[in-house]
Amino acid sequence: MNRREVAALLAYAAKLDPRSAPADEAAAAETLHQWADLLADVPPTAPHPESRDWDAAQAVRHHIATSPYPIKPSDVSRPWHSFRRDVLSRHVDPLPDADPDDDRAYRAALAAQRRAIETGAVVATPRAALTTGESRQERDRFAAERLAALGGYVPRSVDQELAMYRPRRAARERLAAAGLPDPLDVNCPCEWCRAPAGSPCLDRHRAPRRTAHPTRLDLATAQHYAPGAA
């Protein structure tokens, strides 16, 4: 909040509880300076993706209505930080507009997105439930179909011995058996990769990556949990 917003908040607090009103102009200026400094990173309002939105005035009202003690800046900042943690815990980071192979730029873009969510500049995207109404039999059938698509039958003991020599296939089989999305089921949409389904992602040097690009995993997840998906 800026000084004008903090001044309005203090005026609201003094209206609800005259005890909090400063004794003179010097005290009022000192109080405003203190509150503005401590609440600089607290927005006056912010949206919540699934519950009640943040409103600093409501935090003031709640404290005055429930506590016998005069209000302090921390009585506003503490609820805000709890609200922020709750929003971020429910948030799914959208893909930043940054090269995922550039770790520093990618992390900086993620941090900027989260700062925008904290201040309410961007509304958080809630986590989608990864559950469906399908039966256990349907999930088992789907897993069996995916395992069949990966190749013919191999005795489990032999399969386990071979797993260390073909980690990518072993990882795909584990995903299929668990009914989880497999990024190699889809083509990679990353502009400089475009790896086809079944092939690993490539970095900018056209070398195979150990992990799939985030966009490919997002696409596989969306298709896996889409309504009507097998």
Salt bridge (charged side-chain N to carboxylate O under 4.0 Å, His left out) against R3, all qualifying residues, sequence neighbours excluded:
none
Output yes when a side-chain donor or acceptor of Q223 lies under 3.5 Å from a complementary backbone atom of A220, and no otherwise.
no
In the hydrophobic cluster built from side-chain contacts under 4.5 Å, what are the other members alongside W192?
none
Is a side-chain donor or acceptor of R216 paired with a backbone partner of P189 at a separation under 3.5 angstrom?
no
Contact list for residues 201-212, test salt bridge (charged side-chain N to carboxylate O under 4.0 Å, His left out), sequence neighbours left out:
D99-R204, D101-R209
Please identify each residue that fulfils side-chain hydrogen bond (donor to acceptor under 3.5 Å, both in side chains) with R107, with sequence neighbours left out.
D103
In the structure I gave you, are the side-chain heavy atoms of H81 and D41 within less than 4.5 Å of one another anywhere?
yes
Same cluster or not: are M1 and L32 linked, directly or through other Ile, Leu, Val, Met, Phe, Trp or Tyr residues, by side-chain heavy atoms under 4.5 angstrom apart?
yes
Salt bridge (charged side-chain N to carboxylate O under 4.0 Å, His left out) pairs touching residues 59-74, sequence neighbours excluded, are K72-D75
On a heavy-atom basis, the closest approach of V42 and W80 is CG2-CD1, 3.6 Å
Inter-residue atom distance Q34.CD - L10.CG, 0.5 Å rounding
9.5 Å
With the 4.5 Å side-chain cut-off for hydrophobic clustering, are L202 and L217 part of the same group?
no
Quick one: side chain to side chain contact (heavy atoms under 4.5 Å, CB included) partners of A59, sequence neighbours excluded?
W54
Check G179 against Y225 and note the closest heavy-atom contact, atom names and distance.
O-OH, 4.5 Å
Going by the rule side chain to side chain contact (heavy atoms under 4.5 Å, CB included), which residues pair with A27 if we only count those two or more places apart in sequence or in a different chain?
P22, D24
Check whether H213 reaches the backbone of R194 with its side chain - one donor and one acceptor, N or O, closer than 3.5 Å.
no
Sequence neighbours left out, what pairs pass side-chain hydrogen bond (donor to acceptor under 3.5 Å, both in side chains) with at least one residue falling in residues 10-20?
D17-R19
Linking directly or through intermediates, with side-chain heavy atoms under 4.5 Å: list the remaining ILVMFWY members grouped with L219, chain and number order.
V186
List the atom of P73, the atom of L39, and the distance in Å for their closest heavy-atom pair.
O-CD2, 3.6 Å
Can you name the residues that form a side-chain hydrogen bond (donor to acceptor under 3.5 Å, both in side chains) with S82, not counting sequence neighbours?
R85
Rounded to the nearest 0.5 Å, how far does NE2 of H224 lie from CG of D182?
9.5 Å
For residues P79 and S74, report the shortest heavy-atom separation together with the two atoms involved.
CD-O, 3.9 Å
Taking the side chain as C-beta and beyond, is there a heavy-atom pair between W35 and I71 under 4.5 Å?
yes
Any donor-acceptor pair under 3.5 Å from T66 side chain to H62 backbone
yes
I'd like to check the side chain to side chain contact (heavy atoms under 4.5 Å, CB included) partners of P18; sequence neighbours left out, ordered by chain and number.
none
Considering only heavy atoms from C-beta outward, does the side chain of V60 approach that of L9 to under 4.5 Å?
yes
Are T211 and C201 side-chain neighbours, meaning at least one heavy-atom pair lies under 4.5 Å?
no
In this structure, would L184 and L175 fall into the same cluster of hydrophobic residues linked by side-chain contacts under 4.5 Å?
no
